[in-house]
Structures are given as C-alpha cells and as structure tokens.
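All figures in this text were calculated on a predicted structure; none of them were measured in a lab. In the text below, chain A, chain B and the rest are named by the order of the sequence lines, each starting its count at 1.
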2 protein chains.
Amino acid sequence: MYFDSVEAMDRAELEQLQVERLKKTIENAKKSPFYSERLADFNVNDIRTADDITKLPFTTKNDLRSQYPHGLLTKPLEDFVRMHASSGTTGTPTAIFYTQKDLDTWAELMARSMYACGCRKSDTLQNMSGYGLFTGGLGIHYGSERLGMITIPSGAGNTKRQIKLIRDHNVSVLHIIPSFALYFAQQVQEAGFKTEDMPWRIALIGAEPHTEEARAKIEEMMNIKAYNSYGLSEMNGPGVAFECIHQTGMHLWEDAYIAEIIDPKTGEHVAEGEIGELVMTTIRREGMPIIRYRTRDLTRFIPGQCECGRTHRRIDRITGRADDMMILKGVNIYPMQIEQCLMSMPEVGQNYLIELVREGVSDHMTVKVEIKEEFFVEDMRVLQGLQKKIAKTLCSEILLTPRVELCQHDSIPKTEGKAVRVIDTRDED
Amino acid sequence: MYFDSVEAMDRAELEQLQVERLKKTIENAKKSPFYSERLADFNVNDIRTADDITKLPFTTKNDLRSQYPHGLLTKPLEDFVRMHASSGTTGTPTAIFYTQKDLDTWAELMARSMYACGCRKSDTLQNMSGYGLFTGGLGIHYGSERLGMITIPSGAGNTKRQIKLIRDHNVSVLHIIPSFALYFAQQVQEAGFKTEDMPWRIALIGAEPHTEEARAKIEEMMNIKAYNSYGLSEMNGPGVAFECIHQTGMHLWEDAYIAEIIDPKTGEHVAEGEIGELVMTTIRREGMPIIRYRTRDLTRFIPGQCECGRTHRRIDRITGRADDMMILKGVNIYPMQIEQCLMSMPEVGQNYLIELVREGVSDHMTVKVEIKEEFFVEDMRVLQGLQKKIAKTLCSEILLTPRVELCQHDSIPKTEGKAVRVIDTRDED
C-alpha cells in the first residue's frame, strides 16, 4: 500500500524523528550568516520535544528579502546546482537555492505525493504547466520521472497539441492549473471529443487555491479525479502536502517539515483544529534550511486519522492569507469564514460586503447580504427571522454577533476585477 | 584536463569500443517491432570493424513517422520516464522515448560538452531557452545540474528580469538562442549597462544553425566567448557534438554515437573531409536505439587532431540540408558551397541566383552574380577577367564550370521573406 514506510510511522516515532532532525537543522542553519546571528544564543539542547520548536524565532518573507541572495546558505555557492527566484523586477526578490541532495529529497517527496493520489509507474503524465522559475513545472517534472511515469513536458498553452498528445500517448495523469482546467474541458468538447472518452484518470490541480466547488466542477466536466496539494518555493515547491485518494485534506510530510498553526497576531499555537497561519520548518534540507517560516497562508489541521493509514497530519484547503485577517474586539476573523457561512445558506445570493466601523470607543461589524429574489417577501417578520438566522450562523463561526443588513438582488455595488469584500473605516479620521 | 578519460581514448581503442557497442545495439534493437523485422536477416557477427556499419540499412524520418509512437521501443512502456515529440498538430509527428538510464547518459554527455568549452562546477548557468517539448531546454538544464553549476531556469522572454538575474547572481554561462543574442546585447545596453561589465564569460548558442560571422558578431557585441554545438532530438537532443575552447569544429562523442558522412544520392561514404549528409547511430541508448539515421544535415569531418587532445572527431558547422542538394551532370552541389565561394570574393555584392536549365539533352548551370558598383567598370576586358575568375573559383569548389553572368547592383529581383537562390526549370515541360 505505501510508497514509503515512513508515511505510516507511529506518531511517537515520527515526533522523535522530527526532534532529531530539528536539532540537526538548527546546527546546520547556524552555518549560514543569517542564522549564525539569529540563533547565536540558542542552545540546541533546549529542543527536547517537537513542541520546543516554539522556543525558536520566526523567519519571515522580509527576512528572506533582506538576506537576498545568499544569507541563508549553509554551504559554499559551488555546492548548489539550482536556484529559483520569485518573479518580478521591482522590489527585492527572494531566491531559493538547492543542492543536488535537496533536489533528490524534493523529487522523492513529490513522487510520494503523486503515489498517494493514485499515480503509478505505469502511468503517463502530461505536465501542462509552465516550466522556468515557477517551481510547479520542474517540481512535478522531477517527481514524475522519479516515480517512473512517462513524463511529457508539454508546457503551457497550445490546447490542440495538448489534446493530440493526450490521445496519442494514452495520458492518464494531467498536471493542470485549476483555472485552466474548465476552459480545457470545453476545448476538448469543441474539438469533437467526449471527456469520458479521454484516457485521463487523475488531475493534479494544486498550483492555485480553489474551492471544493471548483474541484467538483472540474471532476464533473472533465470526468476525472482531481487532487489538491500545497507547496511554496520557500519549502522547495510543490510536494509539501498532498491529498490521498480519500480527498479529505492534504497529508503534510512531517518527516521533511515541521508544521505549526499559529494565531498570526499573537504568534501562539491555535487550539487543535482551529484556523490560523501555517508556519513551516524544513528538517530535510541541507543547503538552505528555513526555520519557522511564516507562510501567511491560513489553514487548519484536520483532526483524526485518515482511512488511508498515513499518520502524517492533514491540513485543510488554504482559506486565505493571514494578511486578510480582521481583528474585532480582540477576535481574529477571516473574510473566508464569513463567506463560507453565507454561501451555505440557501436564501443568500452571490454578493456580500463586510463593513467595520468605529462608533465612539466601540468597533462594530455590519455584514450586508444580498438575498435571492424569491426570499425577499413583504412580511417583515419573515425577513427579521432570516436576519436573525444569518447573525446566529455567523456568530457560531466567528464568535461574535455582527449586525446583518438584508439587501435586494444586485443592490451591492460591484467592482471591476477582484471583488472588494471588506471596508474598514476604523482607523480613518 | 579531461572530464572523462574516454574523451582522449586512443583511436583504435575507441573504434573497438564502437564495434562492441554497435553489436550490442543491434541485438537490443532487434527487440523492437521495427528492427526485429528490418534486421531479421542481419547477422550481428557480420560486424567486425566500425566500417561494417555500412552493411546495415538506413533509418529515415519517414520510418520514425510510420513507427509512431512505439515501433522502435525495445522495452515495455512502463520502463520509460520521458517522451519528447516533434511539434505540430498536422501530419504524423515523431516521438522519442527515454529510460532513466538514457536520461543519465544524455545528462552526462551534455555535462561533458559544457566542460569542454570551459564550464565548471563553480559557474552559474542561466538557461534562457524555452523548456517543454523542445529538447534544448531540459537537455541543457539536466547537463548543467550534472556538471554541478547553479542552474537558473529562467526560460525564454522577459529581458529585464533576465538582466536582473544575471547581475544579481553573477551568471557566468548563458544558454541563449543565437538569433536572440544580438537583440539581448542591445537590450542590455539600452538598460544602461555595458556588456563588458556583465559577469558572463561563456554563451552556449547551438540551438540554431548560424554562420561564423554571426558568432563573431555575438562575441564582439556581448563581450563573451560563444560556443557552437550540434544535436537533434532523434539522438537525445543537444550534446551530440560540441566545440571545445579552441572553437575549431565540434567534437562528436564517438563513444555514444557512430557518425558517418554520406553522399545523400548514393548513400556511399564521401571521401574524408568532404561535405555530405550526416548519418548517426546511437550506441549508448537502451530504450530506443536508432541505427544509421539520415539526419539530412550537411557537414564534413574536419581532418586532423584538435589541440585540446580529445580524440573524438570534429564535425564542421551544419552548412545546409541534404534536401537542398542539386545534382548536375552527376555531381552533387549545395547552394551553400556556391554562396561561400562568392562571399569570399571582394568584388561580389549581396545577391546571386543559381539557374539550372535543360538545353536538348544537356543540363547547364548559370550563376548570376551582383558585382559591387566600384568593380563595375566600362572596360570589357576587366569584366571578362572577373567573370573567368568567378567561374574558376566556383569550379574549384563544385568541380564543374558554370556559366557566370555579372549583374549590376540591385538588378537581381529580391523576394519577400526567405531569398530564392535556386531556380531549377529542368523538369518543366
């Protein structure tokens, strides 16, 4: 059943492994200019349990920027064989360097990930993402070859050729950007093929955050099983956490990373199962270890064990960025929490708006909610009932009761481009 | 001095190695559907010397097309990990499959090639070519990592970011398409930098055929040493033949390939040093061996030994395609031969035209040549002298004496796009 026995390791053993690797990581990290200073006074013997990781300071994106390009490297430059950099020509970029051993580890984790969602040596994978500095392209590519799949580096674009390659070579696994998948399914149909006649079986769609609904739509339109994953170049790239065939969250490979979920305001661990900011530590990277990296990505650990038997904990879909967090009366609230509540109610339409205002010394949240036409009746008592129901549902999620205003269909102004969901006037004059 | 001792192997030993590997290749090839039939009656013991390769039949592009996709594979599909296909959505494509071992061999040959022109582990290479199905991108990438250089997969385009990466990361080696190199040099200057202040040292510019003059111009404008190379996806991709630091032809790796140069009409070997069609046999590829592949590329072996000490023979720049060959009175003539003669004469201008006509039972070639204005004097004797000189120079190259017509500057009609250099009316009614 398993690609790697470490995936089903007993939790106590796994945590022991983490402690050992964390200690080695700290010692190794101290060889870099950045950590030799940052951790100068840190005694590695203070790490006795996995929880002792909280004794270490965080590393932020700004640290990576200020240390660009070489401040976090533990070895001489000539020991490295790859560099990926953040794109953009303005501002200070970040750069991640890999030794050959780091590339091997990454490929192994990637292969393990693909195996977990059902990919096998006998499969053929078409890598429909761009290559280059984007770690998604080469990450999937190396992992696919490592697993032994026939890897077709088709790259992005050229839909007609993609379809021909898939048909000619009996392609069973696609790596495809989720936002491109629905367009592609349409193109396949316009080219005269039925998606159920295509040879594909599995789509890896982790490159962009997307909702469960988007996944369901991709699976339906393409006649495929679509698997979500999580990665970021600071932690190598893709292959950090991956769904298994049960699609109930993404197993995060805890033999290679220590993951924590913190309150982005206090930096403290949140309670088990609560949403917070994911913080990551590499414990199998030799050339450029990163300790307690603030990913800014919001997720939670999914409680309980997965049916597949893997003991590595699962994280939930990324529900937003820590930078989106609002604090109201000392409570952390994410717009995504409110959206999920609203969208679960049949009466609610497409649009909503969160307003934060200061009245005297007190802050208030108002949630304006568009109601579907058929629910907008003349009976005030019915409307007030709905208002209360929405407020109560929101309160159960965000732990305080907002004011709720019901709005008619299309009455909340739409913005060009990305929707504005939050208006915060509290700090204005 | 050498990356691999096999590069300076004694010729007799090298040929012995070729014979052994050719025999194994034939036995292996017979496991494929195509060669099991094509070589059914071939007795491998008929190979005693390297020259016995001529006993084997050719393989053509059309064979690859008719065998698409799997006819040449010697192993079950699940033993392969990579496929590259010719681009295009019309017509039958060709596909090349690689096992992991084949990828390893390719990376090794590629690393050896880059070492030969001065690349070292301590260098940083920026791979400015597209990735994807084009073998140039991943070919250079894998070779660069194998050699241990820091490899920056910048991909094509985005000139500003390319410049920033080169400066930030002290990039010493570029892989750049020759036709892009001059534009890029200009962009660097327009961005306010001097090319002599850039950290680069070596440009790998093999992806497109180009002239010695183009190389000289790239070297001058970029302040760089530019190295030519040869490869084709049927023989893995780049890394088949590569210039060493002496830039006197491309060493063709004869421990991995057997190269022949034939008369494309008769299929016979041409005399040593003469131009003909390059024919290639893989002797280190396990998954998809190809025997006596007609590349259609025209080149010659460069006689003598290179100063670098490598014993593998050198081939010259590709001077054209076998498909361009004209046959006149039983002699094979390539337009490129005529162009080179003409361009070496100071009196000759930019334009010329080759006309082939049938007069009764006899065929004739007329070469119309534009003469620079300052040489177009009124003295007929001088002009006739020039006419004879051109005819004689051409005869020494193409072995027959064409009629030469001198034309005034701009009197030969120009065509839109690619110049028409040959008009052959011999088979018209």
Checklist line | Interchain contact, B:Leu138 with chain A, by part (heavy-atom threshold 4.5 Å) | finding: side chain
Item checked: From B:Thr124 atom OG1 to A:Arg82 atom CZ, the distance as rounded to the nearest 0.5 Å -> 13.5 Å
Next item on the list: Name the region of A:Leu125, side chain, backbone, both or neither, that has any atom closer than 4.5 Å to a heavy atom of chain B.
Entry: neither
Checklist line | Contact origin within B:Phe134 toward chain A - heavy atom pairs under 4.5 Å | finding: neither
Next item on the list: Please state whether the rings of A:Tyr131 and B:Tyr131 are parallel, tilted or perpendicular, taking 30° and 60° as the class boundaries.
Entry: parallel
Notebook entry, point to check: What distance do A:Arg161 atom CZ and B:Ser86 atom OG have between them, rounded to the nearest 0.5 Å?
Noted result: 9.0 Å
Notebook entry, point to check: How long is the gap from OH on B:Tyr68 to NE2 on A:His169, to the nearest 0.5 Å?
Noted result: 3.0 Å
Check: Of all heavy-atom pairs between A:Pro69 and B:Asp168, which one has the smallest distance, and what is that distance?
Finding: CG-O, 4.2 Å
Checklist line | Separation of A:Lys121 NZ from B:Phe80 CZ (nearest 0.5 Å) | finding: 10.5 Å
Note to self: Is B:Met149 close to chain A through its backbone or its side chain, or both, or neither, when contacts mean heavy atoms under 4.5 Å?
What the structure shows: backbone
Item checked: Portion of A:Gln100 that has a non-hydrogen atom of chain B nearer than 4.5 angstrom -> side chain
Check: Taking it one step at a time, do B:Thr151 and A:Met83 satisfy side-chain contact (heavy atoms from CB on, under 4.5 Å)?
Finding: CA-CA 6 Å; B:Thr151 308; A:Met83 190 212 74; over 6 Å; no
Notebook entry, point to check: With a 4.5 Å heavy-atom cut-off, do A:Leu133 and B:Ile152 have their side chains touching?
Noted result: yes
Next item on the list: Could you list the residues that satisfy side-chain contact (heavy atoms from CB on, under 4.5 Å) with B:Glu37, not counting sequence neighbours?
Entry: none
Notebook entry, point to check: Is the number of heavy atoms from other residues, nucleotides or ligands under 6.0 Å of A:Arg201 CZ greater than 12?
Noted result: yes
Next item on the list: Check whether A:Ala95 gets within reach of chain B through its side chain, its backbone, both or neither, counting any heavy atom under 4.5 Å.
Entry: side chain
Checklist line | B:His84 to A:Pro153 - nearest heavy-atom pair and separation | finding: CE1-CG, 3.7 Å
Check: Side chain, backbone, both or neither: which part of A:Leu165 has a non-hydrogen atom closer than 4.5 Å to chain B?
Finding: side chain
Check: What part of A:Tyr98 lies closer than 4.5 angstrom to a heavy atom of chain B: side chain, backbone, both or neither?
Finding: neither
Notebook entry, point to check: So how far is it from B:Asp79 CG to A:Ile150 CD1, rounded to the nearest 0.5 Å?
Noted result: 9.0 Å
Check: Nearest 0.5 Å, what's the CG-CG distance between A:Leu77 and B:Asn170?
Finding: 8.5 Å
